[in-house]
Participant: 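Quick one: the structure is below, questions incoming.
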Amino acid sequence: MMFNHANGDPILILDEAQCWQLLEGANHGRLVVTVAGEPDIFPVNYVTSRRKLYFRTAPGNKLAELTTNDRVLFETDGILSDQAWSVVLRGTARVLDKAAEIAEAEALGLASWVPTLKDFYVEIEPGSVSGRHFDFGEQPELNA
């Protein structure tokens, strides 16, 4: 088991340290942005460093939306044969524009999964992080 659940409860609310353990061990998720009241979601690969998330992007809707509204939500999850987990991070995104920041981000080894030029680095500063871990099993019988 990845985490111990109290009293055999199939759902465990994760603490911040457990959420970061999962965030640091994963490398893909979904970025949610909102522009003009409409949500949009993008799959991204990412890395973490010093409890921040970093991803690369190209000019387009994602980058434009981040500059319009920097409040974002990021979700990542994992599903195994007997358990699953989900972590949600709410935070503020910004495009890195200082040479030193870009050099630090480049040193993290974040490579694009898709063979396209993605020359903008984005940092997400977390405001809050929450998560759940689930142990799979049979649905209990309804007591009549």
Participant: Is the shortest side-chain heavy-atom distance between K52 and P126 below 4.5 Å?
Facilitator: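 A side-chain contact exists here, since the closest heavy-atom pair is under 4.5 Å.
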
Participant: Same cluster for L110 and L96 if Ile/Leu/Val/Met/Phe/Trp/Tyr side chains link at under 4.5 Å?
Facilitator: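 Shared cluster, yes.
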
Participant: Tell me, do V44 and T57 make a side-chain contact under 4.5 Å, heavy atoms counted?
Facilitator: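 No; the side chains remain at least 4.5 Å from each other.
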
Participant: If hydrophobic clusters are built by linking Ile, Leu, Val, Met, Phe, Trp and Tyr wherever their side-chain heavy atoms come under 4.5 Å apart, do V95 and I124 end up in the same one?
Facilitator: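 In one cluster with V95: I124, yes.
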
Participant: Measuring from S86:OG to F134:CZ, what's the distance to the nearest 0.5 Å?
Facilitator: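 The CZ atom of F134 is 6.5 Å from OG of S86, to the nearest 0.5 Å.
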
Participant: Which residues pass the salt bridge (charged side-chain N to carboxylate O under 4.0 Å, His left out) test with E16, sequence neighbours left out?
Facilitator: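 Once residues adjacent in sequence are excluded, the partners of E16 under the salt bridge (charged side-chain N to carboxylate O under 4.0 Å, His left out) criterion are R51.
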
Participant: Hey, could you give me the CZ/CG distance between F55 and L108, rounded to the nearest 0.5 Å?
Facilitator: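 Here the interatomic distance stands at 14.0 Å.
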
Participant: Grouping I, L, V, M, F, W and Y whenever their side-chain heavy atoms are under 4.5 Å apart, do L23 and L80 come out in a common cluster?
Facilitator: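 Yes, one cluster joins them.
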
Participant: Please check if the side chain of D15 supplies one atom and the backbone of A17 the other of a donor-acceptor pair under 3.5 Å.
Facilitator: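 Confirmed, D15 side chain pairs with A17 backbone.
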
Participant: With sequence neighbours excluded, tell me which residues meet salt bridge (charged side-chain N to carboxylate O under 4.0 Å, His left out) with E104.
Facilitator: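 If we apply the salt bridge (charged side-chain N to carboxylate O under 4.0 Å, His left out) test to E104, skipping adjacent residues, the hits are R50.
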
Participant: Using 0.5 Å steps for rounding, measure from the CG atom of D9 to the CG atom of D135.
Facilitator: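 The distance works out to 9.0 Å.
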
Participant: Do you know the tightest heavy-atom contact between R90 and S130?
Facilitator: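 Taking every non-hydrogen atom into account, NH1-OG, 4.1 Å.
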
Participant: Mind checking what makes ring-ring contact (aromatic ring centres under 6.0 Å, His included) contact with F74, not counting sequence neighbours?
Facilitator: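 In terms of ring-ring contact (aromatic ring centres under 6.0 Å, His included), with neighbours along the sequence ignored, F74 is linked to Y46.
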
Participant: Do F42 and L73 share a hydrophobic cluster (ILVMFWY, side-chain heavy atoms under 4.5 Å, transitive)?
Facilitator: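 Different hydrophobic clusters.
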
Participant: Which ILVMFWY residues are connected to I13, directly or by a chain of links, through side-chain heavy atoms under 4.5 Å apart?
Facilitator: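 Via sub-4.5 Å side-chain contacts, I13 links to none.
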
Participant: Please report the shortest heavy-atom distance between G131 and C19, naming the atom on each side.
Facilitator: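 That would be N-SG, 3.4 Å.
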
Participant: In the structure I gave you, are the side-chain heavy atoms of L22 and F3 within less than 4.5 Å of one another anywhere?
Facilitator: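 In short, these two side chains touch, coming nearer than 4.5 Å.
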
Participant: What donor-acceptor contacts under 3.5 angstrom involve side-chain atoms of residues 28-38, with partners at least two apart or in another chain?
Facilitator:
from : atom 1 : to  : atom 2 : distance (Å)
R30  : NE     : E75 : OE1    : 3.0
R30  : NH2    : E75 : OE1    : 2.5
R30  : NH2    : D77 : OD1    : 3.3
R30  : NH2    : D77 : OD2    : 2.9

Participant: Mind checking the CZ-OG1 spacing from R56 to T116? Nearest 0.5 Å is all I need.
Facilitator: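 The OG1 atom of T116 is 9.0 Å from CZ of R56, to the nearest 0.5 Å.
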
Participant: Locate the shortest heavy-atom distance separating T76 from W85; write the atom from each residue and the value.
Facilitator: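 Minimum heavy-atom contact is O-CZ3, 3.5 Å.
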
Participant: So, taking the atom named NE2 in H133 and the one named CD1 in I11, what distance separates them when rounded to the nearest 0.5 Å?
Facilitator: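 It is 11.5 Å, given to the nearest 0.5 Å.
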
Participant: First locate atom CG of D40, then atom CG of N69, and finally report the distance between them rounded to the nearest 0.5 Å.
Facilitator: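 One gets 12.0 Å once the value is rounded to the nearest 0.5 Å.
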
Participant: Search all heavy atoms of Q83 against all heavy atoms of F136 and return the closest pair with its distance.
Facilitator: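 Closest approach of Q83 to F136, heavy atoms only: N-CD1, 3.5 Å.
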
Participant: Taking salt bridge (charged side-chain N to carboxylate O under 4.0 Å, His left out) as the test, write out the residues that go with R94, two or more places apart.
Facilitator: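 In terms of salt bridge (charged side-chain N to carboxylate O under 4.0 Å, His left out), with neighbours along the sequence ignored, R94 is linked to E101, E123.
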
Participant: Determine, using the 4.5 Å side-chain heavy-atom cutoff (strictly less than), whether V72 and W20 are members of one ILVMFWY cluster.
Facilitator: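 Looking at the clustering, W20 is in the same group as V72.
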
